[in-house]
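I have placed the structure first, in the form of structure tokens, so that the comments after it can refer back to it.
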Amino acid sequence: MKVLKESQGGQQAAVTAEDLALINLLSRKELKEEDVYVFSLRLCDNEVDRDQERFAPQTLEELSRLFVGKSGIFDHQWSARGQAARIYKTEVIFQPERTTKAGDGYCWLKGWAYMARTEGSKDLIAEIEAGIKKEVSVGCAVEQSVCSICGADLRKGQCGHKKGEYYDGKLCYASLEGASDAYEFSFVAVPAQPEAGVVKGAGSARTLKDLVRKNPGLAGELEQLEREAEAGRQYRKELKEETVRLGLLAGLGMERELLLGMTEKLSLAELTALKEAWGAKAARRYPICPQLEYGEKSGQPDSRDGAFLI
Ligand SMILES: [Zn+2]
């Protein structure tokens with residue numbers, strides 16, 4: 001079962017000799033302290049989230065091993081320039097003084113990531129430092145979604161317990177257990193949106209834009225679609241205007257507003273057909289002098305078709 005969670009990240013961290021050694025285990029070329037930028041991020045925790053799911057502390061431990069060496073990608077703009085960060089160290093942080101909704105001591109998985117300091121990454125580092133790149137989306141695979149009430153696998157839906165409901169005062173939630181893999185994380189710019197909601201993968205994205213936010217790699221496709229949609233809207237607008245203009249010329253006896261309203265709900269094919277029909281009618285009325293078009297609006301009301309109009 002694939003799980004995708006959001007969290008927060010982007011706190012600058014100091015580079016110690018120990019860090020540098022860990023980084024160099026992963027890096028292709030030997031990096032010096034001044035070559036790397038290091039920051040920490042909150043990958044996931046054991047709090048029950050909006051989906052009434054939580055990672056069991058044991059799962060966080062498992063994930064801590066799986067996340068080392070995993071890359072993080074930035075939004076499209078940055079990914080296109082080949083910017084990536086890599087997790088080189090993780091640690092489960094226990095904060096027993098804080099209690100989760102499930103009544104356990106709070107713990108979370110902290111990751112440290114590095115990226116090469118280059119001319120190209122300067123602006124990105126500035127954004128991380130300014131706290132603009134805050135939201136982290138992490139993906140992993142877990143084997144079980146355990147019912148907190150009876151211990152059955154909730155995905156099988158056999159125990160009848162519903163996530164989010166209380167049974168004898170106990171909250172039913174899914175405990176995500178048995179981490180088997182961790183995937184790339186993505187770093188998304190979320191200006192001024194503190195503690196953004198926990199949203200999971202494509203399944204829960206409400207709009208294409210949400211989807212792209214979780215999957216920055218799709219941004220190019222969305223941009224292309226948006227350009228095409230814009231071109232389509234422009235074409236439709238022009239077609240509508242031309243149809244209305246011909247409708248006026250055709251002497252249908254209807255005001256511009258009414259004609260506009262009529263074209264509003266038509267498909268492109270219907271609009272095209274209407275444009276042709278009204279164009280033919282207009283051409284019959286003004287076979288020779290197209291200039292008359294301009295005089296028509298203020299011109300004489302047409303009586304020929306008037307009889308057929310309600
Ligand atoms: Zn159950």
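One-based numbering, in listed order, for ligands and for the atoms of each. Bear in mind the structure is a predicted one, so any value in this text is a computation, not a measurement.
Within the 2.8 Å limit, Cys172 places no N, O or S atom next to the Zn ion (ligand 1).
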side-chain contact (heavy atoms from CB on, under 4.5 Å) evaluation trace for Leu154 with Cys159: CA-CA 7 Å; Leu154 271 172; Cys159 70; 4.1 Å; yes

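Expressed to the nearest 10°, the angle at the Zn ion (ligand 1) joining SG in Cys150 with SG in Cys147 is 110°.
Side chains of Ser175 and Arg54: a donor-acceptor N/O pair is present below 3.5 angstrom, by distance only. Between the side chains of Arg227 and Gln224, at least one donor-acceptor pair of N or O atoms lies under 3.5 Å. Between Trp108 and Glu47, the side chains place no donor N or O within less than 3.5 Å of an acceptor N or O (distance only, hydrogens not considered).
His161 contributes atom ND1 as its closest N/O/S atom to the Zn ion (ligand 1).
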